[in-house]
Amino acid sequence: MRELDVRYQALLQDMEGLRGQLEGELDSISLKRVMVQIQDKLISTQEIGDDKLQIVQHILDIIENRQRQLELDSKNLDFGQEQEKSESCKEVQPERVSKRARRTRNEHTTSHNENSSEAPAATHTEKTSNAKGSAQKKTTKKKKRKARVEREREDSPTEIPIDPDEPTYCLCEQVSYGEMIGCDNDLCPIEWFHFSCVGLTNKPKGKWFCPKCRGDKPTVMKPRAQFLKELEKYNKEKEEKS
């Protein structure tokens, strides 16, 4: 970051010198040469600014990864403590069970003969109750599957009646429907995108750039000079289509 600042200050000094040359009397050739040099310096300063933004974004990604790792470690710590508590409870419970077993052993032997005659009826009722429970589970699963299919149809309709006066968005050039996400580039020509068209299921954390504005990652914007060239080309193609 410090090296970028040094380069930026050097470019500012060069542009100050070129500005001094413009204040003097110059012919048309030398004036054009000075203007080209100033333009190159401005493009270099924009590239330095983009490099700084990428460094800051990289630092933010590292911080987010560290934060997630800390949350995961804290959850594992809590889980380990709960597991130790459950094991200690299990060690205490067998002693109580053994004491109860001594008391109820005689009762169990006396009531065994009485319950033997009622066992077939009890097993029959258990089988019927299990059959009813499995049938209810199947019906609930069918209802959930049907509701999920209907929800997917509502979120991604196959045919949308388009009003000619209503604006269109996204890469598919359709009207807004379902969940949408906005590009964090202020100069983005499309602005809003459907989740399904850009491969999203949930809203991402932090900044998000569309396929036309992003660089190597969805969280990083491409260099400004490159984006401006592509934006000019996109606008020309749009004018030719219209």
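For clarity, every value in this text was computed on a predicted model and none was experimentally measured. Below, each value reflects all heavy atoms present in this structure, side chains not excepted, and no hydrogens, waters or symmetry copies.
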message: Is the shortest side-chain heavy-atom distance between C213 and F227 below 4.5 Å?
response: yes
message: Could you check whether atom CD1 of I62 has more than 12 heavy atoms from other residues, nucleotides or ligands sitting under 6.0 Å from it?
response: yes
message: Is it the case that atom CZ in F195 sees more than 12 heavy atoms from other parts of the structure closer than 6.0 Å?
response: yes
field: Path from F193 to V175 over hydrophobic side-chain contacts below 4.5 Å
entry: no
Same cluster (ILVMFWY, side-chain, under 4.5 Å), Y234 and V198: yes
query: Does a side-chain heavy-atom distance below 4.5 Å link R68 with N65?
result: yes
task: Consider only side-chain N and O atoms of Q226 and E230, and report whether a donor and an acceptor are under 3.5 Å apart.
output: yes
query: Which is it for D61 and K217 under the side chain to side chain contact (heavy atoms under 4.5 Å, CB included) test, yes or no, and what are the steps along the way?
result: CA-CA 11 Å; D61 291 339; K217 295 188 292 184; 3.1 Å; yes
- prompt: Any side-chain heavy atom of R7 within less than 4.5 Å of one from T45?
  reply: no
- prompt: Quick check: does any side chain N or O of H194 sit under 3.5 Å from a backbone N or O of I181, one acting as donor and the other as acceptor?
  reply: no
- request: Check the pair D50, K222 against salt bridge (Lys or Arg N to Asp or Glu O under 4.0 Å), reporting the backbone distance first and the verdict last.
  value: CA-CA 8 Å; D50 292 334; K222 65 177 61 173; over 6 Å; no
Full working for side chain to side chain contact (heavy atoms under 4.5 Å, CB included) between L53 and Q57: CA-CA 6 Å; L53 286 174; Q57 188 63 45; over 6 Å; no
message: Is any side-chain heavy atom of I48 closer than 4.5 Å to one of D5?
response: no
message: Within the supplied structure, the quantity of interest is the number of heavy atoms (other residues, nucleotides, ligands) at a distance under 6.0 Å from K52 NZ; does it exceed 12?
response: yes
query: What pairs with L18 under side chain to side chain contact (heavy atoms under 4.5 Å, CB included), at least two apart in sequence or on another chain?
result: Q21, V34, Q37, I38, K41
- prompt: Looking at CG of L231 and NZ of K212, how far apart are the two atoms once the value is rounded to the nearest 0.5 Å?
  reply: 10.0 Å
message: Do I190 and C210 make a side-chain contact, defined as non-hydrogen atoms from C-beta onward lying under 4.5 Å apart?
response: no
- prompt: Is a side-chain N or O of R214 found less than 3.5 angstrom from the main chain of M221, in a donor-acceptor match?
  reply: no
- prompt: Can you list the steps and then say if R19 with E16 is a salt bridge (Lys or Arg N to Asp or Glu O under 4.0 Å)?
  reply: CA-CA 5 Å; R19 189 176 69 83; E16 191 67 26; 2.5 Å; yes
field: Connected via hydrophobic side-chain network under 4.5 Å: F209 and L187
entry: yes
query: Should the heavy atoms of other residues, nucleotides or ligands under 6.0 Å from CG of D186 be counted, would the total exceed 12?
result: no
message: Pair M180, Y169 - check side chain to side chain contact (heavy atoms under 4.5 Å, CB included), show working.
response: CA-CA 10 Å; M180 299 185 72; Y169 304 97; 4.0 Å; yes
query: Among the clusters formed by ILVMFWY side chains lying less than 4.5 Å apart, do L12 and M35 turn up in the same one?
result: yes
message: For the backbone of W208 and the side chain of D184, can you confirm whether one donor and one acceptor N or O come within less than 3.5 Å of each other?
response: yes
- prompt: Can you tell if the side chain of L200 reaches within under 4.5 Å of the side chain of E179, non-hydrogen atoms only?
  reply: no
- prompt: Are L42 and L31 grouped together when hydrophobic residues (ILVMFWY) are joined by side-chain heavy atoms under 4.5 angstrom apart?
  reply: yes
